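Data first, discussion second: the structure below is written as structure tokens.
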Number of protein chains: 2
Amino acid sequence: MQRTQSAVQYTEEEEALGRIAKALGHPVRVRILKLLLSESCCFTGQLTDFIPMAQSTVSQHLKVLLDSGLIQGEINPPKVRYCINRENWVKAEGLLKVFFVSPVHDRCECG
Amino acid sequence: MQRTQSAVQYTEEEEALGRIAKALGHPVRVRILKLLLSESCCFTGQLTDFIPMAQSTVSQHLKVLLDSGLIQGEINPPKVRYCINRENWVKAEGLLKVFFVSPVHDRCECG
DNA sequence: GTTTTCTATCGTATATTTACGATGAACTAA
DNA sequence: TTAGTTCATCGTAAATATACGATAGAAAAC
């Protein structure tokens with residue numbers, strides 16, 4: 001990307017929402033999160049059983065989710081236990097809620 | 001991307017959430033949506049006033065949002081009026097709500 | 001008709017994402 | 001010690017995304 005002119009400044013909210021959404025922006029990562037949200041709550045290893053992809057690819061997607069803060073991983077060699085990061089999860093929920101709930105104006109006559 | 005082995009099948013929900021999140025996955029698109037959500041509701045033209053980027057780049061981001069269904073554009077030459085697509089907006093809100101509200105288990109002792 | 005305004009699209013360059021297999025690091029089990 | 005398990009990381013290839021300037025098209029203003 002050429003950045004000759006740009007260097008746009010974004011607000012905290014814009015950055016935060018962008019980051020969260022980007023992490024959610026691949027169906028396999030949605031699936032991973034759903035698995036972590038499931039009754040099992042935490043997962044060690046069996047993730048790849050539910051995702052027909054190379055183990056290295058799954059690992060890469062897990063890293064994206066880790067970097068977003070939405071999940072956390074507890075090393076428990078030779079396994080790693082992945083869980084939702086509750087604190088950040090709630091934050092993300094809040095950000096999205098505020099964003100989406102800001103109502104589309106009823107009195108707007110367009111569409 | 002090599003797809004020698006893969007061809008993973010995703011559920012409707014996984015695909016839909018992925019698509020929406022991907023569209024939201026850039027701070028400038030978050031800003032555009034916020035502008036469209038603002039009191040003005042619809043915008044014709046002045047969008048670039050709020051976004052210090054090349055006009056062609058803004059147009060490209062608008063296309064991404066259009067393709068996601070989150071916004072719609074009504075051609076009204078030489079201007080175009082962009083608005084939130086209410087129907088799809090509500091759908092997106094619903095999908096995200098269901099996804100995030102599925103509670104992180106309280107009784108889960110990890111994190 | 002000519003010019004202006006607004007916006008999409010094209011062409012292009014670079015960065016990032018996505019995917020794979022191979023390898024390595026770390027602990028367990030035999 | 002040796003072999004097995006689990007997962008991250010490296011190297012690589014191809015697809016997408018991001019950004020720009022230049023150009024084109026379509027109606028409005030003159």
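The structure displayed is predicted, hence computed values, not measured ones. Chain letters run A, B, ... following the sequence lines, proteins first, then strands; residues in each count from 1.
E13(A) pairs by the side chain to side chain donor-acceptor pair (under 3.5 Å) definition with K34(B), not counting sequence neighbours. Take Q55(B) and apply the side chain to side chain donor-acceptor pair (under 3.5 Å) test, not counting sequence neighbours, and it matches no residue. R19(B) meets the salt bridge (charged side-chain N to carboxylate O under 4.0 Å, His left out) test with no other residue; sequence neighbours excluded. Legend: residues meeting side chain to side chain donor-acceptor pair (under 3.5 Å) with K91(B), ordered by chain and number and at least two apart, are absent.
Taken residue by residue, residues 15-31 of chain B places no heavy atom nearer than 4.0 Å to DNA chain C. Taking a 4.0 Å limit (strictly below) on heavy-atom distances, residues 61-71 of chain A reaches DNA chain C at H61(A).
Considering only the side chain of T57(B), dA19(D) comes nearest among dA19(D), dT9(C), dT6(D). Closest contact between the side chain of Q60(A) and the listed nucleotides dT18(C), dT7(C), dT18(D) involves dT18(C).
No side-chain heavy atom of I84(B) sits less than 4.5 Å from a side-chain heavy atom of Q72(B). Residues V101(A) and E93(B) meet the side-chain proximity criterion, which asks for heavy atoms closer than 4.5 Å. The side-chain heavy atoms of F100(B) and V90(A), taken from C-beta on, include no pair separated by under 4.5 Å.
Per the geometry, CD1 belonging to I51(A) stands 12 Å off P belonging to dC20(C), to the nearest Å. Counting to the nearest Å, the P atom of dT5(D) and the CG atom of L47(A) are 19 Å from each other. Between the C1' atom of dT18(C) and the CE atom of M53(A) lies a distance of 8 Å, rounded to the nearest Å. Going from atom CD1 of I32(B) over to atom P of dT18(D) covers 11 Å, rounded to whole Å.
When the side chains of ILVMFWY residues are joined at heavy-atom separations under 4.5 Å, either directly or via intervening members, L35(B) and V64(B) end up in two distinct hydrophobic clusters.
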